[in-house]
Amino acid sequence: MCENTVNGALRRLGWSGSEMTGHGFRSMASTLLNEQGWNRDAIERQLAHAERDSIRAAYNYAEHLPERRRMMQACPDADVREAA
């Protein structure tokens, strides 16, 4: 999804560009997930970030799918617990 699509939706929901952007959500998610102790490599892959270390990038093709699935399910699970 294009960032302009996300930003347009945020504007229609009443958020101004100085309050929140699509990239702001990505930054917030990265911060919260790191603070919660999730594997940093899994977080970076979930955000579709490329490995910056060229040597590591040449050899490491790990996708971390099982942990990424647990990570993405943790938020809705927490919401359900809070609503109960």
Side-chain angles (χ1 to χ4, degrees):
M1 182 180 299
C2 163
E3 185 169 354
N4 286 336
T5 301
V6 175
N7 287 338
L10 290 169
R11 301 308 154 256
R12 286 187 294 281
L13 290 169
W15 295 89
S16 75
S18 64
E19 293 174 312
M20 181 55 77
T21 64
H23 194 77
F25 275 115
R26 293 170 59 87
S27 175
M28 182 174 53
S30 177
T31 300
L32 292 171
L33 293 167
N34 276 290
E35 286 180 345
Q36 292 172 0
W38 292 97
N39 176 307
R40 89 179 251 293
D41 289 332
I43 295 167
E44 293 303 307
R45 290 301 301 142
Q46 189 63 30
L47 294 172
H49 290 168
E51 176 60 55
R52 292 180 183 171
D53 179 329
S54 62
I55 302 298
R56 191 165 187 240
Y59 295 101
N60 183 9
Y61 294 96
E63 293 291 328
H64 305 283
L65 289 176
E67 184 164 11
R68 289 168 57 193
R69 286 185 190 106
R70 288 191 305 274
M71 186 169 48
M72 292 297 96
Q73 189 59 50
C75 184
D77 288 349
D79 290 343
V80 169
R81 284 191 301 272
E82 287 180 23

List, one per line, each side-chain donor-acceptor pair under 3.5 Å for residues 20-28, sequence neighbours excluded.
residue : atom : partner : partner atom : Å
Thr21   : OG1  : Gly24   : N            : 2.9
Arg26   : NH2  : Leu47   : O            : 2.4
Arg26   : NH2  : His49   : NE2          : 3.3

Self-check item: Distance, nearest 0.5 Å, that separates CD of Gln46 from CG of Asn39
Solution: 12.0 Å
Exercise. Kindly give the heavy-atom pair with the smallest separation between Glu67 and Trp38, and that separation in Å.
Key: OE2-CE3, 3.5 Å
Quiz prompt | Minimum-distance pair of heavy atoms, taken over all atoms of Met71 and Ala42 | solution = CE-O, 3.7 Å
Practice problem: Please identify each residue that fulfils salt bridge (charged side-chain N to carboxylate O under 4.0 Å, His left out) with Glu63, with sequence neighbours left out. | Solution: Arg45, Arg68
Quiz item: To the nearest 0.5 Å, how far apart are NE2 in His64 and CZ in Arg40?
Solution: 9.5 Å
Self-check item: side-chain hydrogen bond (donor to acceptor under 3.5 Å, both in side chains) partners for Asn34, two or more places apart
Solution: Ser30
Quiz prompt | Within residues 15-25 or reaching into it, pairs that qualify as salt bridge (charged side-chain N to carboxylate O under 4.0 Å, His left out) - sequence neighbours excluded | solution = none
Quiz item: Can you name the residues that form a side-chain hydrogen bond (donor to acceptor under 3.5 Å, both in side chains) with Asp41, not counting sequence neighbours?
Solution: Arg56
Quiz item: If Ile, Leu, Val, Met, Phe, Trp and Tyr residues are connected whenever their side-chain heavy atoms lie under 4.5 Å apart, and connections chain through other members, are Leu32 and Ile43 in the same group?
Solution: no
Quiz item: Who are the side-chain contact (heavy atoms from CB on, under 4.5 Å) partners of Leu13, not counting sequence neighbours?
Solution: Trp15
